[in-house]
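Keep in mind the model is a prediction, meaning the values are calculated, not measured. A, B, ... follow the sequence lines: proteins, then strands. Residue 1 opens every chain. Below, all heavy atoms of this structure are taken into account, side chains as well, without hydrogens, waters or symmetry copies.
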Number of protein chains: 2
Amino acid sequence: MPTKTPPAKSISLSISDRLAARIADGDLMAGDRLPSEAELALQFDCSRATVREALKRLAAKNLIRTARGHSGGAFVADLTYAAALDSHVATSMLLLSMNAVDFQTAAEARFALERACVDLAVAQHDRADLRALKDAINRLASRCTDEAFCAADVAFHRALVDAGHNPVLSYQLAGAVEAMQPLMNMITYADRDRETIIRLYRRIAGALQARDAGEVRHVLDELEALMIALFQRGQARRARR
Amino acid sequence: MPTKTPPAKSISLSISDRLAARIADGDLMAGDRLPSEAELALQFDCSRATVREALKRLAAKNLIRTARGHSGGAFVADLTYAAALDSHVATSMLLLSMNAVDFQTAAEARFALERACVDLAVAQHDRADLRALKDAINRLASRCTDEAFCAADVAFHRALVDAGHNPVLSYQLAGAVEAMQPLMNMITYADRDRETIIRLYRRIAGALQARDAGEVRHVLDELEALMIALFQRGQARRARR
DNA sequence: CCCATATCAAATGTCAGACATTTAAAAGTC
DNA sequence: GACTTTTAAATGTCTGACATTTGATATGGG
């Protein structure tokens, strides 16, 4: 009996797939309102509960948003960079933690990605970008917890990435950098380490202002080596106890 | 009345958030089985339907998978690179199409990212990587539709990225490159364009084998310029009609 | 004793109908 | 005309039931 009954995909799954395809194809455009749950139930010949499960899945993927009330309903969401970034970061974080990615691999990837935006950042940055970089450095220089230090660290790198003025690149890079923050948080920084890092960051900001891409890349190399060394030192210390 | 009643988050949403947090925190580990829907309904003091909506949301984010039958249920999924990549690509594609990203911006981002893996690829590649590159080139050289040409194009870049032997980097880069395929598909290639592209790809493969990172980067620059020129030529032709 | 078969139980998937809540528009009132 | 009340349409939730799937268990025969 070659009638296709593969893994018997559930009804709600096939509904969400069909709606997702219509959105991806541009058949349903951002802002469009989907039929009401009751209408969809009629169209797909199933119950409202089943339709709702399908809609929840789409909502989880940021494909639709729902509003209650008289003229509420499900609307095709206009996917923003911010929303996409959130889910990208969440997924990447889970991926890194679940696959036990070692620090060296993560750091290697992170700095490789960061170097990808150097040329653009050097060419495109403006005064606001330099300001953002310096704000982040100032926050780093203030006494703060390791977590706050790492958060400011992320802000610095984020500013560097954004200086390329390419939203697509920012989206990809910022997601990767932020996803690695939990790993970076495993580093405990001594005061003199912080000073070293801040010095490197100032050199990056300076080189960027001077539009010296080679120097920026060079400092990033140093930074990467430093990070890995700090992590390994911390690991050795943990092992000794 | 400062009692917090913000936007009255729905019950099913708060349930999925709580479960997601437990997974992210490592409280629930990959492979763990969640309580049955009936039990969860008791724990959260709500109906099974509400629990199910929450679970569907988690399933959409690849956080859990469900199985039917006697010893079925919801299990914490072990997020694979492949699964994460799929959702990353899907999201990125939507993001690009919905935000009307222009070709130049996308190409700029794509080649910037690609250059990010050159150093690693030059240092780490092995024979299998070169083989994958050459296979892709051979497919490009065979007569094929524009879509197949673009698919082989993606395969080439994917192989280049994977040559870095860094799964984290591959995940990030492959997602970005694949997401841009629809834009690249907008290019129609004349025969002599294809020949030019293939020549560039052969140079890349050769430079990689010779472990000459500067040459790889240089060819990528040429490739980027060519792609943008081809796209603009196509646009001008479309406008003239 | 082992193996095939039938039965069972637990879980997800689905359905039907009801009620609660939210929201904007329409109707009514001053 | 501005304010208040009513109303309708939609999502959010609850309840209870049935269907389906699938491993475990019991049962029977060789």
Q. Do A:Thr105 and A:Asp102 meet the criterion of a side-chain donor-acceptor pair at a distance under 3.5 Å?
A. yes
**Q.** Nearest-Å distance for atom pair NZ/C1', residues A:Lys9 and D:dT20
**A.** 18 Å
**Q.** Rounded distance (Å) that lies between atom C1' of C:dG13 and atom CD1 of B:Ile64
**A.** 14 Å
Q. Where do A:Asp162 and A:Ser170 land on the side-chain hydrogen bond (donor to acceptor under 3.5 Å, both in side chains) test, with the steps shown first?
A. CA-CA 6 Å; A:Asp162 286 341; A:Ser170 289; 2.9 Å; yes
Q: Please confirm whether B:Tyr81 and B:His88 have ring centers closer than 6.0 angstrom.
A: no
Q. Expressed in angstrom and rounded to an integer, what is the separation of A:Phe75 atom CZ from C:dA24 atom P?
A. 10 Å
Q) Under the 3.5 angstrom rule, does the side chain of A:Asp25 hit a backbone N or O of A:Asp27 as a donor-acceptor pair? A) no
Q. Is the side chain of A:Asn166 donor-acceptor paired with the backbone N or O of A:Val168 at a distance under 3.5 Å, no angle test?
A. yes
Q.
One character per nucleotide, please: for nucleotides 6-12 of chain D, 5' to 3', B when the base has a protein heavy atom closer than 4.0 Å, S when only the sugar-phosphate does, - otherwise.
A. --BBSBB
